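Okay, so here's the structure we're looking at.
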Amino acid sequence: MLSALRKSLAGSSQAICHRRMAAIAPILVQSKPTTSQSKPTTRKAADPIKPVYLTLSSFTAKSNNAKKAVALDPTVFDHPIRRDILHLCVVHYLDSLRQGTASTKTRAEVAGSRRKIRPQKGSGRARLGDRQSPMLRGGGVAFGPKPRDFSTKLNRKVIQMGMRVALTMKLREQRLGVLQRINWWSHKTATLSSRLDGLGWRTGTLFVTGESEVPARMRLASRNLRGIECRTVADLVVYDIVKWRRIVLDLAAVDGLERALGKGLLRISDSERVVSDVTHSSVEDVEIST
């Protein structure tokens with residue numbers, strides 16, 4: 001009786017399996033790819049990198065450069081904004097400025113006798129040790145500051161990314177200008193101040209040159225102007241770009257920044273740097289209002 005029951009159960013399970021396979025087989029046949037229907041996958045070519053254009057400003061002949069633009073490397077001047085990277089770079093620079101020379105004397109360093117002031121018992125007053133106790137006036141300082149180094153470490157690539165982000169931020173805020181050359185024809189402060197008032201660059205403007213030093217006449221004419229400063233691109237840091245309201249570069253500074261920060265995906269020659277046949281919609285303007 002048991003053997004007959006086992007045979008009947010085995011037969012029923014085999015029948016169920018056959019029915020399930022018969023139902024699944026058409027689906028498997030349809031989903032199986034055939035060699036005749038498969039097509040080779042083609043990878044699309046990456047879009048060519050196009051430069052970013054910025055209106056070329058001028059100290060003297062503004063009308064001549066009104067229709068000219070400067071081609072900028074997008075890997076340097078069109079980077080995604082990373083506020084966290086800017087914060088790291090600014091904190092790293094400010095930490096490096098801290099002197100860390102604050103120092104106090106502990107009770108072991110204070111001069112004087114180590115004699116106990118009064119007996120431990122019998123006076124009815126509080127127990128005291130020597131004159132160097134931090135509780136007494138003129139004694140040592142408990143847990144006081146000592147000379148230390150406040151500088152922190154930040155990777156070079158993070159600092160370079162911070163420069164790209166800061167320059168991109170100024171460009172998008174229309175607070176980045178480019179001149180043919182940062183130079184002034186006179187060493188008189190009044191002439192330069194009048195021209196900067198006309199451009200709207202009188203306050204909060206940092207001029208950056210790519211030359212080895214700031215031109216003498218520009219340095220003399222601007223050193224007495226409050227809110228105006230000149231420096232070389234070698235001395236430029238992320239904190240300066242974030243701090244100053246407006247950054248004005250010359251073409252040499254643009255070349256230096258692209259050589260130091262560029263990724264080599266786009267090469268802009270000197271002949272292609274300044275162009276005059278760019279549509280107005282693709283050109284970024286620089287802020288000229290105060």
Side-chain angles (χ1 to χ4, degrees), residues 79-170 173 175 189 193 201-209 212-214 219-220 222-247 257 260-261 290:
H79 194 278
I81 301 299
R82 292 283 304 274
R83 298 178 66 91
D84 57 331
I85 299 297
L86 290 179
H87 178 265
L88 288 175
C89 295
V90 170
V91 172
H92 170 261
Y93 177 74
L94 294 179
D95 287 344
S96 66
L97 298 182
R98 300 187 65 176
Q99 294 181 356
T101 56
S103 180
T104 57
K105 290 184 179 181
T106 63
R107 65 184 303 166
E109 297 170 340
V110 176
S113 174
R114 266 41 178 186
R115 183 181 66 86
K116 188 174 176 61
I117 295 177
R118 54 176 172 259
Q120 183 77 0
K121 293 179 177 293
S123 65
R125 302 178 63 185
R127 50 196 172 184
L128 287 176
D130 53 18
R131 293 285 183 181
Q132 290 75 21
S133 173
M135 296 186 300
L136 300 179
R137 180 177 179 273
V141 179
F143 309 108
K146 286 291 183 181
R148 54 171 294 192
D149 184 12
F150 284 94
S151 62
T152 56
K153 180 182 179 299
L154 192 62
N155 292 339
R156 174 179 54 86
K157 291 186 177 182
V158 178
I159 299 176
Q160 292 178 349
M161 183 185 293
M163 291 288 291
R164 300 188 192 101
V165 173
L167 292 171
T168 301
M169 181 183 65
K170 289 298 182 184
E173 293 176 353
R175 294 181 179 178
T189 302
S193 178
W201 296 353
R202 179 59 184 82
T203 58
T205 303
L206 175 64
F207 291 92
V208 182
T209 178
S212 58
E213 60 182 9
V214 180
R219 176 175 51 83
L220 294 174
S222 64
R223 65 180 180 179
N224 289 334
L225 292 177
R226 186 177 180 181
I228 302 295
E229 189 170 336
C230 300
R231 65 182 56 185
T232 61
V233 70
D235 300 330
L236 187 66
V237 294
V238 179
Y239 177 75
D240 295 331
I241 304 177
V242 176
K243 173 187 174 182
W244 288 89
R245 174 181 175 85
R246 189 179 297 101
I247 307 296
L257 289 172
L261 306 175
T290 57

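Each residue takes its place number in the sequence, starting with 1. These figures come from a predicted structure and were not determined experimentally.
Atom CZ of residue Arg148 and atom CD of residue Gln99 lie 14.0 Å apart, to the nearest 0.5 angstrom. Considering CZ of Arg223 and CZ of Arg219, their distance stands at 7.0 Å, rounded to 0.5 Å. Expressed to the nearest 0.5 Å, how far OG of Ser193 lies from CZ of Arg202 amounts to 4.0 Å. Taken from CZ in Arg231 to CG in Asp240, the straight-line distance is 4.0 Å, to the nearest 0.5 Å. The line from CG of Leu206 to SG of Cys230 is 7.5 Å long, rounded to the nearest 0.5 Å. Here the CH2 atom belonging to Trp201 is positioned 10.0 Å from the CD1 atom belonging to Ile228, to the nearest 0.5 angstrom.
Counting non-hydrogen atoms of other residues, nucleotides and ligands closer than 6.0 Å to CZ of Arg98 gives a total of 12 or fewer.
With Lys105 contributing its side chain and Ala111 its backbone, the two residues share no donor-acceptor pair below 3.5 Å. Formation of a donor-acceptor pair under 3.5 Å by the Arg246 side chain with backbone atoms of Trp244 is not found in this model. Remark: side-chain polar atoms of Glu109 are paired, donor with acceptor, to backbone N or O of Thr106 under 3.5 angstrom. No donor-acceptor pair closer than 3.5 Å links the side chain of Asn155 to the backbone N or O of Lys157. A distance-only check finds a donor-acceptor pair linking the side chain of Lys146 to the backbone of Thr104 [under 3.5 Å].
Gln160 has its side chain within reach of Arg164: a pair of non-hydrogen atoms, C-beta onward, lies under 4.5 Å apart. Looking at Met135 and Leu128, their side chains come closer than 4.5 Å, going by heavy atoms from C-beta outward. Side-chain atoms of Val208 and Leu257, non-hydrogen and from C-beta on, never get closer than 4.5 Å to each other. Contact annotation: the side chain of Ser133 approaches that of Arg107 to within less than 4.5 Å [non-hydrogen atoms, C-beta and beyond]. Counting heavy atoms from C-beta on, the side chains of Arg226 and Thr203 never come closer than 4.5 Å. Counting only heavy atoms from C-beta outward, the side chains of Met163 and Leu236 approach each other to under 4.5 Å. At least one side-chain heavy atom of Leu167 sits less than 4.5 Å from a side-chain heavy atom of Leu261. Between Tyr239 and Leu94 there is a side-chain heavy-atom pair separated by less than 4.5 Å.
Applying the side chain to side chain contact (heavy atoms under 4.5 Å, CB included) test to Arg137 and every residue at least two apart in sequence or in another chain returns nothing.
Minimum heavy-atom separation, Ala126 to Arg118: O-NH2, 2.8 Å. The two residues Pro80 and Val165 have their closest heavy-atom pair at O-CG2, 3.6 Å. Taking all atoms of both residues into account, the shortest heavy-atom contact from Thr232 to Val214 is CG2-N, 4.1 Å.
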Quiz: residues 82-92 side-chain donor-acceptor pairs under 3.5 angstrom, not counting sequence neighbours:
unit_1	atom_1	unit_2	atom_2	d
Arg82	NE	Asp84	OD1	3.0
Arg82	NH2	Asp84	OD2	2.8
His92	NE2	Thr152	O	3.2

*Step-by-step side chain to side chain contact (heavy atoms under 4.5 Å, CB included) determination, Ile247 to Arg175*: CA-CA 6 Å; Ile247 307 296; Arg175 294 181 179 178; over 6 Å; no
